[in-house]
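Note that the structure is a prediction, hence the values are computed from the model and not measured. Order of the sequence lines fixes the chain letters, A, B, ..., with proteins taken first and strands second; residue numbering starts at 1 for each chain.
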Amino acid sequence: MSFSNKIKEIGAQAVQALWQQTVDLNDIHVNETKPEFDGEYTLVTFNLAKIARKKPAEIAEELGKHIVDTHSKVFTSYNVINGFLNLSLTDSLLLEFGKEKSLDTAVCNDNNTSGKIMVEFSSPNTNKPLHFGHLRNNFLGDSVSKIYKAYGYDVCKANLINDRGIHICKSMIAWQKEANNETPQSTNTKGDHFVGKYYVKFNDLYKAEMKELVDKGVSEKDAERQAPIFLEAQEMLRKWEAGDEETVSLWKKMNGWVYEGFESTYDRLGISFDRYYYESDTYLLGKKEVDEGLEKKVFFKKEDGSVWITIKEDPLDEKLVLRSDGTSVYITQDIGTAQLKFEQEQMQKSVYVIGDEQIYHMKVLKFILEKLGKEHAAGVHHLSYGMVELPHGKMKSREGTVVDADDMIDDMLAIAQKNTEELGKVDGFTPEELTQLYRTIGLGALKFYLLRVDPKKKMIFNPEESIDFHGFTGPFVQYTHARLSSILRKADDFSAEMDTALNIEERKMLTELEKFSSIIEQAAIEYSPALICNYVYHIAKSMNSFLNSQHILTAEADSKKALRIAIAKITKKTIAEGLSLLGIHAPERM
RNA sequence: GGUUCCAUAGCUCAGCUGGAUAGAGCAUCAGAUUUCUAAUCUGACGGUCACAGGUUCGAAUCCUGUUGGGAUCACCA
């Protein structure tokens, strides 16, 4: 149990003993003590005033005395300031923690909540390559998966490929019209970029046709629907759903190109999945669910044959679940996918990492699943995140105004290389190790940059300003890890009893390090890798400061040396494990 | 218009279920290296927490309203 929870329990027991009142653990407020006061943890007593019917200062005084008297192994002393009860932990408690965690095992192993969770993320469209915004999705999903695993869950990472629909047909049409049978191989282009090029091309053609119609006096809205190339795309979707051989084989060919491109990007990012779902498989399941829902009167059919659900009566809000021509829409396949997922994994929680522009869509999906009486509906959670925007506005693949993910990665690796070379830190590495190091640092900077911001906030990325390597960044944390590794290598296998009086710096480090597992718990509950970023940075910063004033290898006594080596070891492990929850590697040297 | 999210230092962001004098990084300025990795450390400068009310011992945090910005409300995905 974490120190903080332990103190809450002790506090509650003390209230019981002193005033014969039962308090909920949530009503015992325990904070970190502000640095200007003595102590590590502070118990807030204002809200206990009613229970104890005394002034806060008196409560704090009595509680402090009682707590320190009855738990002398945990607390050494207390002080009361303005009604705040500051408690100091005993050296022995901190030393015990230090001894236990400096053993050669993982630092975090005491979260063992059981349960199964599926995290769906990435979920790309097969008509365009990944851009910078998608990276946020991928990193978030990957990190949340890792956090839940550390939290004690059985995790299944899922990728739902949007491999069907009108947008795919658009790339196919443009390719048929313009490509003269050229392929990624013949043009030496990465498959996803190759196909993305034709998606952009379709929109160029589409726009030109629309303009022509508008010039003839057709309204813009009608022009959108009447443009011949748009009608062709619609026709192609019908053919595809009907199983037309030629269409399906073209579709397979072009999707194949895209998958190759995606795989290479995932590989570079160090991201993998346990299950892949394809909408081309699940949309039929969705139709089946819609049929069943019709029987159960959850849905209703309009005269033209389209199928709807009523979300709200007043004001009327209806949602289409099946088109009048019998083809499925986005939500149809989502209903099917949700069912398939649950049949396969029987998970309690199902997280969807999807941009916040789909909040309404996900609400509707959950609503429909509930109406259909699906037991897994309750576990559905939409982890939404804000758009990544450029200083000039949004990225739009249709218009080609995007920061491409592959280009971004290349840039980061180049910057990592440049910085390393400028600092003259390339000696002693083989060329292969250097390539690996640049990848570690470059990707570390990129992932940290995108994960450190609260997911629900939109973020602005200025491509003109490169991502920093100083301060609150991935490389800063990685550097601290490398620094500690270096010191620990020099420490060899030094061992000695570490029982010694702790100074304030040592107490501070150990107290901070102890919070790791509760940070993981909180990050899991809030689905927020940003909390891990903050914590891991905080630890790294404290450690660098610690190293500035506390000598490790030349400590004044063997016991001190042993203690500080232990602190260095725990910090190193905490950083490495924390970074790994973000999908970031911690280098031994950099 | 309905729904919903956001607004904190010049910039990018923390601030947990309300707690002590609102914190980091970047930028600017001034320092620290014969010493375990200076991709580091120490300090200075920088704030009407969008605005106005309310709740209470106590509000950046909760409630209401206002302003500004984003998203969404399709037989698109």
K.L.:
Mind checking if A:Leu547 touches a base, just sugar-phosphate, or nothing, with heavy atoms under 4.0 Å?
P.N.:
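Base contact.
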
K.L.:
Using the rule for Phe, Tyr, His and the six-membered ring of Trp, do A:Phe46 and B:G19 stack at under 5.5 Å and under 30°?
P.N.:
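By the stated criterion, A:Phe46 and B:G19 stack.
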
K.L.:
Rounding to a whole Å, what distance do you find between A:Met387:CE and B:C6:C1'?
P.N.:
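Rounded to whole Å, this separation is 14 Å.
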
K.L.:
Could you tell me whether the side chain of A:Lys458 has a donor or acceptor atom within less than 3.5 Å of a complementary atom in the base of B:A71?
P.N.:
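No, no donor-acceptor pair under 3.5 Å.
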
K.L.:
Which value, in whole Å, describes the distance between the C1' atoms of nucleotides B:A52 and B:A9?
P.N.:
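Each nucleotide's C1' atom is 23 Å from the other's.
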
K.L.:
Are A:Arg323 and B:C76 close enough that a side-chain N or O sits under 4.0 Å from OP1 or OP2?
P.N.:
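Answer yes for this pair, as a side-chain N or O of A:Arg323 is under 4.0 Å from OP1 or OP2.
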
K.L.:
Can you tell me the distance, in whole Å, between the CD atom of A:Glu32 and the P atom of B:C16?
P.N.:
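So the CD-P distance, A:Glu32 to B:C16, works out to 12 Å.
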
K.L.:
Does NZ or CZ of A:Arg225 come closer than 6.0 Å to the centre of the six-membered ring of A:Phe230, within 45° of the ring's axis?
P.N.:
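Negative - A:Arg225 is either too far from the ring of A:Phe230 or too far off its axis.
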
K.L.:
Base, sugar-phosphate or nothing for A:Asp163? Non-hydrogen atoms, less than 4.0 Å.
P.N.:
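If one applies the 4.0 Å heavy-atom cut-off, A:Asp163 turns out to touch nothing in the nucleic acid.
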
K.L.:
Decide whether a cation-pi geometry holds between A:Arg452 and A:Tyr537; the criteria are a distance under 6.0 Å from NZ or CZ to the six-membered ring centre and an angle within 45° of the ring axis.
P.N.:
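The answer is no, since A:Arg452 fails at least one limit relative to A:Tyr537.
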
K.L.:
Taking atom P in both B:G46 and B:G10, what distance in whole Å separates the two?
P.N.:
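Comparing P positions in B:G46 and B:G10 gives a spacing of 11 Å.
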
K.L.:
Could you tell me the separation between the CD atom of A:Glu357 and the P atom of B:G70, rounded to a whole number of Å?
P.N.:
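Roughly 15 Å, once rounded to whole Å.
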
K.L.:
If we require ring centres under 5.5 Å and near-parallel planes under 30°, does A:Phe84 stack on B:A20?
P.N.:
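Taking the rule of under 5.5 Å and under 30°, the ring of A:Phe84 does stack on B:A20.
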
K.L.:
Looking only at atom C1', what distance separates B:U28 and B:G69, rounded to whole Å?
P.N.:
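About 30 Å, rounded to a whole number of Å.
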
K.L.:
Find the partner of B:C41: check Watson-Crick (N1-N3 plus N6-O4 or O6-N4) and G-U wobble (N1-O2, O6-N3) distances, both under 3.5 Å, and reply none if neither fits.
P.N.:
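Per the H-bond distance test, B:G31.
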
K.L.:
Just compare B:A20, B:C16, B:A14 and give me whichever is closest to any side-chain atom of A:Phe37.
P.N.:
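When the side chain of A:Phe37 is considered, B:A20 is the closest of B:A20, B:C16, B:A14.
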
K.L.:
Would you classify A:Asn26 as touching base, sugar-phosphate or nothing, given that sugar-phosphate means primed atoms plus P, OP1 and OP2, and contacts are heavy atoms under 4.0 Å?
P.N.:
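No contact.
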
K.L.:
Name the nucleic acid region contacted by A:Val329, choosing base, sugar-phosphate or nothing; use a 4.0 angstrom heavy-atom cut-off, strictly under.
P.N.:
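Result for A:Val329 = sugar-phosphate.
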
K.L.:
Using a heavy-atom cut-off of under 4.0 Å over every strand shown, decide if A:Leu484 touches base, sugar-phosphate, or nothing.
P.N.:
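Nothing, no nucleic acid heavy atom in range.
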
K.L.:
Centre of A:Phe494's six-membered ring, under 6.0 Å away, within 45 degrees of the axis: is that where NZ or CZ of A:Lys561 sits?
P.N.:
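Pair A:Lys561/A:Phe494 counts as cation-pi.
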
K.L.:
For A:Lys55, is the NZ atom crowded, meaning more than 12 foreign heavy atoms sit under 6.0 Å from it?
P.N.:
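At most 12 heavy atoms, drawn from other residues, nucleotides or ligands, come within 6.0 Å of this atom.
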
K.L.:
Considering only heavy atoms and no angle criterion, is a donor-acceptor pair shorter than 3.5 Å present between the side chain of A:Lys34 and the base of B:U21?
P.N.:
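Not at all, since no donor on one side and acceptor on the other fall under 3.5 Å apart.
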
K.L.:
Quickly work out the A:Ile81 CD1 to B:G58 P distance and round it to whole Å.
P.N.:
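From A:Ile81 CD1 to B:G58 P: 21 Å.
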
K.L.:
What's the NZ-C1' distance between A:Lys457 and B:A71, to the nearest Å?
P.N.:
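Taking atom C1' of B:A71 as the reference, NZ of A:Lys457 is at 16 Å.
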
K.L.:
Within 45 degrees of the axis of the six-membered ring of A:Trp308 and under 6.0 Å from its centre: does A:Lys302 put its NZ or CZ there?
P.N.:
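Yes, A:Lys302 and A:Trp308 form such a contact.
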
K.L.:
Considering every strand and a 4.0 Å limit on heavy-atom distances, what is the contact class for A:Ile552: base, sugar-phosphate, or nothing?
P.N.:
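Result for A:Ile552 = base.
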
K.L.:
Counting the atoms with a prime plus P, OP1 and OP2 as sugar-phosphate, which does A:Tyr360 contact under 4.0 Å by heavy atoms, base, sugar-phosphate, or nothing?
P.N.:
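The residue A:Tyr360 makes sugar-phosphate contact but no base contact.
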
K.L.:
Considering all heavy atoms of both residues, which atom of A:Ser328 and which atom of A:Tyr283 are nearest to each other, and what is their separation?
P.N.:
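What the structure gives for the nearest pair is OG-CD1, 3.3 Å.
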
K.L.:
Does the B:A20 base have a donor-acceptor partner in the side chain of A:Asn86 within less than 3.5 Å?
P.N.:
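Pair found.
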
K.L.:
P atom, B:U8 versus B:U3: distance in rounded Å?
P.N.:
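After rounding to an integer number of Å, I get 25 Å for this pair.
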
K.L.:
Rounded off to whole Å, could you give me the CD1-to-C1' distance for the A:Ile354 and B:A71 pair?
P.N.:
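For the pair A:Ile354 CD1 and B:A71 C1', the rounded distance is 15 Å.
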
K.L.:
Which part of the nucleic acid, if any, lies within contact of A:His551, taking any heavy atom under 4.0 Å across all strands shown: a base, the sugar-phosphate backbone alone, or nothing?
P.N.:
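Result for A:His551 = base.
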
K.L.:
Starting at the 5' end of RNA chain B, which residue's closest nucleotide do you reach first, A:Pro475 or A:Lys456?
P.N.:
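Result: A:Lys456.
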
